[in-house]
Amino acid sequence: MENLVEIRDLTIDFPLRAGTIRAVNHVDLDIPKGKVTALVGESGSGKSTLASAIIGLVSVPGKIVSGQILYKGRDVLKMDNRELNKYRWKEVSMVFQAAQNSLNPVMTIREQFLETARIHMENYDESAALKRISELLGYVRLEANRVLDSYPHELSGGMKQRVMIAFSLLLDPQMIILDEPTTALDVITQDYIFNILKRIHEEMGITMFLQTHDIAVVAKVAERMGVMYAGYLVEIGGIRDMFYNAAHPYTKQLLQAAPSLLDELKERKPIMGTPPDPYNMPKGCPFHPRCIHAKPICEEQIPQMVDVAPDHKVMCHLYL
Amino acid sequence: MIKHLAKRFGIALFTLILASFMTFLILRAMPGDVVEMMSRSEAQSRGISLEDARKIVVNMLNYDPDEPILRQMARYYGGLLRGNLGTSMYSRTLTVNQIIAETLPWTLFVLSISLILSFFIGTRLGMLMAWKRNSFINPVISVYSIITTAIPNFIFGILLILIFGIKLKWFPLVGAYSPNIKPGFTLEFILDVLYHAALPILTYVLTSVGMWALQMRGAAMNVLGEDYITAARARGIPDNLIRKRYVKKNAMLPMVTHLAMSFGTMVGGSTLIESTFSYPGMGAFIAQATAQRDYTMMQGMLLVTSFAVILANLIADLLYSKLDPRVKTEG
Amino acid sequence: MKHRFVRSISLLVSLLLAVSILASCQQQTATTPEEPTASDESKKTEVAETPQDKTDSENAEQKSEQNTEMVKADDYVPKVNKEKVFRATWGSWPKPPQFQGNPFTQGGVGEMGRYVFERLTQIVRSTDVIHPILATSIEHSERESVIKLRDDVTWNDGEKFTADDVIAAFYLNPRTICNYLTKVEKIDDYTVKLVWQDPPPFMELRDLLIAQDGTMNVPYHIFKEYVDKAKSIYESARDATPEELAVARTAFGKKLTEEQDKALSDNWNEMMKLTYPKPIGTGPYVVESVTASDAVLVKRDDYWAADQIYFEKIHHITGTAESMLGMLRNGTTDIYNGSLPKDLAESILASNKDIVFYPMFDPACHVLFFNQRREPFNDVNLRRALVYALDRTKIREGANYYGKEFPISMVGMPPSSLETYVSEEMRAKLTKYEYDPEKAARILEENGWKRNKDGIWEDKNGKTYSFTIAVNAGWQPAGVVDTAASIAAEQLTKFGFPTQVVAVDSSVFWNNAAKEGMYDMVIEWGDITWSFMYPWSPLNNTFKGGPSELMGLPRDPETNRVNLKVKGPDGTEVDPIELVDKLPVTADEEERQKIIDTLVWICNEYAFGANLYQNTTGVWLNRKTITGLPMEDEIDKYNQFMPVGRNFEEIVDIAELNIGFADMYVIWSGDLKPR
């Protein structure tokens with residue numbers, strides 16, 4: 001299995017007035033080509049920061065303290081502005097958490113599509129570009145004629161999201177990062193959008209990297225799943241493995257807390273405790289204050305990542 | 001769209017009526033008595049007794065302070081409807097319309113150049129400040145604007161007179177043009193007018209550019225925090241395009257409203273600067289009319305000022321809907 | 001960390017920038033010479049000889065001829081004023097579009113009048129010297145005065161100047177003089193006869209009245225309609241009875257009916273609607289262009305004494321005090337009028353060696369008036385005590401350094417002319433008010449006042465007071481009367497009368513201070529003459545003009561005339577108003593002297609106010625561009641700060657420089673020339 005993106009030892013800090021927050025903490029992560037990899041975690045767990053880092057966009061005042069993000073073997077973090085701008089969208093595109101606000105309110109959809117096309121396409125041809133755009137909009141079930149001349153505010157939230165999905169496909173990227181792509185949408189629209197995404201993946205074979213806190217969505221579309229907690233990647237593995245043989249206590253609780261899809265008999269159980277204070281992380285395993293299996297060592301040492309099964313790793317003292 | 005326009009015009013008209021009404025009432029509540037003041041100057045200049053002067057002035061003004069306020073108001077609005085702002089109580093051969101026609105262009109000339117210059121420079125600086133948040137210009141301009149907004153602008157004018165007029169002798173101290181140049185549409189005259197306007201304009205620009213920079217900085221910072229900026233970056237759109245099409249275009253929207261509003265307030269606030277430079281604009285006349293308690297003149301000029309504010313706001317409203325596609329449908 | 005560092009550095013830099021800008025402006029005022037200038041000497045030099053009111057026109061004519069010969073060759077700088085322009089800064093005029101030629105409209109023609117209009121005779125205020133201009137001679141007889149006019153004068157619109165133009169002025173705009181006339185008649189085209197009422201003003205006063213009342217000529221060919229109307233109204237009116245005249249003098253001694261009064265007023269109003277673009281006068285200059293800030297006037301070739309006028313062009317500029325002083329400082333003006341605070345004056349002279357300052361006594365004082373309408377100022381003893389409690393030397397030093405204080409309360413006339421006009425005997429009798437807080441306290445204690453434990457004075461009923469001194473907030477230059485008021489307030493507070501100062505907006509000042517009498521004390525011009533020095537003018541102003549209102553003298557509620565009866569110096573009751581009215585028509589010189597002595601004594605004895613100091617004014621001239629200055633070869637000797645005049649000739653020469661004293665006589669006389 002070939003990895004499109006390999007993240008190695010990535011650490012991202014946010015130096016703020018009240019102290020430094022470590023949003024991503026020595027994370028190693030592979031995103032295999034052609035697959036849908038999902039990253040699950042509570043908000044603030046660092047998954048969005050991680051995702052943005054892949055296209056070289058860590059929001060101010062975030063700083064990459066260590067690590068590499070290798071895209072096809074090239075380190076994204078070492079690219080200069082020009083290289084980055086070429087890499088972005090052309091290689092990896094992204095559908096943002098708040099896709100509603102991802103469009104410039106004072107430009108029409110057409111202008112924004114064409115602008116991006118013009119920047120990236122080598123032999124830019126407006127009519128060809130428009131043809132492609134119409135195709136893509138059709139793909140996400142939007143009427144191109146109506147949408148193109150609209151301003152963002154004239155479209156509904158679901159429409160905007162679909163516009164953004166079509167937008168993300170504009171340059172035939174290798175990978176799409178989907179950062180909570182349906183957060184602000186109602187359930188029916190969410191479902192509709194995921195159907196579209198699934199179809200895109202199936203028909204185009206595009207690599208997808210999905211961030212969500214919604215286990216149900218993961219179950220539906222993902223092939224691999226990683227779990228993040230307080231900046232750490234605590235467990236990663238194939239979707240079936242993760243769902244049936246979850247190793248990390250946090251993952252287990254996460255699955256139990258989700259509205260049941262796979263095991264309908266099971267009761268939902270909320271996760272105990274609260275997420276740790278980012279300014280004041282507990283010593284040792286970050287999850288130990290909430291962990292029912294916590295041992296003395298958990299309070300002392302950060303556990304190593306270990307294999308519990310082929311292509312299934314976990315960061316927990318229980319497995320050491 | 002038509003409904004939207006009609007609504008805006010309706011609001012503007014209503015505000016104007018309200019403003020004229022307030023002007024009317026406030027002026028009548030003002031202390032000081034035109035008869036008393038004019039009698040004293042009349043007595044002094046003609047060498048007659050104060051009693052005689054009072055008699056003459058009352059007859060001259062044809063102004064009866066005991067006239068019922070409703071009748072005064074009826075006369076005032078009657079005139080307004082006919083576009084007549086009345087006759088100056090002081091120089092009785094001139095109508096307020098004539099004086100405004102003569103003086104307002106000078107005020108508008110200096111104001112519009114100053115406003116455009118300061119807005120242009122200020123917004124540019126503001127963009128730069130927002131964009132290069134850690135550069136040294138940020139605190140420099142912040143401190144500069146704090147200082148310039150704290151000092152009244154006519155004091156700044158005096159400062160400029162001292163430096164550029166008296167010390168360096170680069171610019172003339174007073175007036176709108178040299179008396180030895182014939183007014184007309186000649187290059188010589190235009191250059192001379194610009195030469196004379198330099199210091200007043202510089203005063204306006206220097207005192208307001210900081211405010212524009214800060215406002216623009218605030219607006220641009222807001223925009224920079226927006227998701228569509230991140231999204232644009234993710235699309236690989238180069239910085240200069242982001243700055244131009246995303247940050248500036250969006251940050252300018254609230255600035256247009258500010259621009260229109262400050263245009264209005266500057267028309268009213270031109271009094272001190274114009275007096276400082278003996279500039280023949282309307283502001284200097286407002287000051288004079290106030291000192292002389294020339295009610296009709298004050299009334300007329302304040303009305304023009306309110307009109308300028310309201311008109312500027314109306315234009316801002318309309319312009320805003322032109323610039324911001326979001327506003328159109330909401331009307 | 002780095003961020004904070006950068007911020008603090010740039011904060012520092014921008015502060016430095018601001019400070020340096022301020023400093024560069026400050027520099028100009030900071031370069032004050034350490035050494036005392038000649039001013040100290042000149043200040044002490046009292047006006048040794050004071051003018052006589054007897055200077056007749058012939059005498060003055062000779063003098064003006066002398067003056068023209070006095071012009072010296074220049075030895076200071078090469079000729080620089082080739083264009084022969086006279087640049088003046090002071091005063092103002094109605095801004096266009098308000099500017100027009102009719103001088104009778106509100107605001108008139110401002111400073112332009114001084115260049116365009118001429119008088120029959122020109123009085124030099126502060127000296128009472130009179131120079132003939134349009135009149136060649138004035139001869140007085142018992143009830144008549146005959147004025148002979150020049151026959152070579154034309155209006156600047158080309159019309160000839162004749163007796164009709166002079167008569168027109170009397171009827172169109174009757175001034176004070178008309179209250180003493182019955183009629184004005186034309187003898188021939190160049191002779192006018194004034195017929196005086198009975199009793200007529202004494203002879204010397206007639207010259208002053210003629211000279212005082214400004215432009216005694218209007219272009220009849222322009223104002224004919226209104227002049228004829230006014231004249232016919234006066235001629236149709238009945239003569240006032242002596243009783244009526246005793247109450248109030250009226251123009252030409254006529255008693256107008258209400259309709260006639262109204263008709264006259266309407267006529268005046270109609271006349272004011274007559275406008276034309278430029279003022280029409282007989283003077284040497286015509287207005288070429290006027291803006292809000294600049295006026296350019298050019299010399300008339302057809303002026304009757306064109307060869308005596310050396311400046312081809314006048315460029316008069318007006319602006320704020322700051323910009324006008326700026327022009328003086330950087331040498332872009334040739335003349336500026338007025339006195340300045342000590343530091344400013346010295347810095348201007350130090351920064352520009354071309355500027356020469358001629359100080360002179362101003363026949364005007366700043367007086368702290370006690371408003372008798374308000375308790376306890378109706379108590380003469382309190383007023384006296386307050387005068388003793390004021391340290392006027394301190395006030396003068398703080399507010400008006402070049403002024404001069406006198407040991408009087410107030411005298412109803414400029415104290416500098418006491419020696420000239422008040423008898424030696426009376427001068428000796430005047431109560432001396434030196435600074436003496438103990439004496440002040442003694443006076444109060446003798447009259448039932450006592451200090452309470454806080455040191456505050458209580459009257460005999462145990463009542464305490466707190467006082468207010470009002471000043472006009474629009475007073476120019478700023479920092480004079482307001483400073484005087486705050487020092488005075490401080491002194492009175494310290495003495496035991498808590499006192500505060502209010503600066504009242506100029507638009508309501510007179511209404512509040514004079515008409516309504518709202519303040520306990522007011523600082524304003526007082527002991528002042530607005531026209532000639534002869535005491536009738538200042539005393540008349542004191543008892544019947546603005547000061548009488550500020551002092552709150554008792555008034556007849558019906559006629560609103562001052563109704564004051566006091567004990568005179570000889571212990572008999574006198575009516576000061578009656579005396580003031582009698583003075584101009586008293587032929588007997590001794591009797592006049594007695595009236596003046598009595599009135600001055602009353603002012604001083606009843607302490608209507610405290611004369612803080614007599615003002616010093618002055619003229620600033622630019623010797624780089626003009627020549628013919630008084631004491632021209634001694635300018636450097638005096639470090640540009642000239643003495644007030646060492647003899648009467650010099651005093652007159654200097655007074656003539658003052659535009660406010662003698663209009664543009666310096667240019668008329670040809671004394672000043674372009675360099």
Side-chain angles (χ1 to χ4, degrees), chain A residues 48 51-61 79 81-109 111-113 115-121 149-154 160 163-164 167-168 170-171 173 176-177 179 184, chain B residues 1 4 123 127-135 138 216-257 316 318-331:
Chain A
S48 283
S52 313
I54 296 173
I55 48 169
L57 272 180
V58 178
S59 56
V60 183
M79 290 181 187
N81 266 341
R82 213 170 46 84
E83 286 171 324
L84 260 181
N85 282 343
K86 270 192 171 167
Y87 155 80
R88 286 170 178 163
W89 222 251
K90 180 95 184 132
E91 302 292 337
V92 177
S93 64
M94 188 162 176
V95 176
F96 286 90
Q97 203 165 21
Q100 277 78 0
N101 303 328
S102 296
L103 290 161
N104 186 348
V106 295
M107 284 167 82
T108 59
I109 307 297
E111 284 167 345
Q112 304 195 39
F113 269 81
E115 180 189 55
T116 305
R118 197 179 301 126
I119 289 161
H120 288 283
M121 288 181 177
D149 289 321
S150 301
Y151 285 97
H153 72 278
E154 291 166 323
K160 274 189 256 188
V163 166
M164 281 315 292
F167 210 160
S168 70
L170 178 64
L171 305 169
I176 304 178
I177 299 169
D179 184 6
Chain B
M1 191 63 204
H4 173 68
T123 49
M127 268 303 284
L128 201 67
M129 286 165 81
W131 198 255
K132 305 213 156 151
R133 232 184 303 187
N134 291 328
S135 135
N138 247 310
M216 184 63 180
R217 176 174 166 271
M221 297 276 269
N222 276 342
V223 172
L224 277 171
E226 292 282 350
D227 292 321
Y228 53 78
I229 301 295
T230 321
R233 287 225 170 87
R235 292 206 294 277
I237 294 172
D239 276 358
N240 61 342
L241 283 187
I242 290 186
R243 202 156 45 187
K244 241 181 11 217
R245 289 194 199 149
Y246 289 74
V247 183
K248 200 164 177 188
K249 232 174 147 182
N250 281 290
M252 273 301 191
L253 295 176
M255 299 299 284
V256 172
T257 318
L318 299 180
L319 206 63
Y320 201 93
S321 62
K322 196 95 195 142
L323 289 175
D324 190 342
R326 281 170 294 190
V327 177
K328 255 181 214 156
T329 43
E330 281 162 19

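Order of the sequence lines fixes the chain letters, A, B, ..., with proteins taken first and strands second; residue numbering starts at 1 for each chain.
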S.K.: Name the option with the most non-hydrogen atom pairs under 4.5 Å to chain A; the candidates are P238(B), A234(B), A232(B), A231(B).
M.R.: A234(B)
S.K.: Chain A heavy atoms under 4.5 Å from L224(B): which part of the residue, side chain, backbone, both or neither?
M.R.: neither
S.K.: How long is the straight-line distance from OG1 of T230(B) back to CG of D179(A), given to the nearest 0.5 Å?
M.R.: 11.0 Å
S.K.: Relative to chain B, which segment of L57(A) carries a heavy atom at a distance below 4.5 Å: side chain, backbone, both, or neither?
M.R.: side chain
S.K.: By a 4.5 Å heavy-atom criterion (distance strictly below it), what part of S102(A) contacts chain B: side chain, backbone, both, or neither?
M.R.: both
S.K.: Using a 4.5 angstrom heavy-atom cutoff, name the option from I119(A), V106(A), I177(A), L170(A) with the most pairs to chain B.
M.R.: V106(A)
S.K.: Quick one: what part of Y87(A) sits under 4.5 Å from any heavy atom of chain B, side chain, backbone, both or neither?
M.R.: neither
S.K.: If you measure from CZ on R233(B) to OG on S52(A), what distance do you get to the nearest 0.5 Å?
M.R.: 12.0 Å
S.K.: For H120(A) versus R235(B), what's the shortest heavy-atom pair and its separation?
M.R.: NE2-O, 2.6 Å
S.K.: Under 4.5 Å heavy-atom distance to chain A, tell me which part of I229(B) shows up: side chain, backbone, both or neither.
M.R.: neither
S.K.: Quick check: does any side chain N or O of D227(B) sit under 3.5 Å from a backbone N or O of F96(A), one acting as donor and the other as acceptor?
M.R.: no
S.K.: Looking at E115(A), M164(A), Q112(A), which makes the most heavy-atom pairs under 4.5 Å with chain B?
M.R.: E115(A)
S.K.: Could you tell me which of I55(A), V95(A), N104(A) has the largest number of non-hydrogen atom pairs under 4.5 Å with chain B?
M.R.: N104(A)
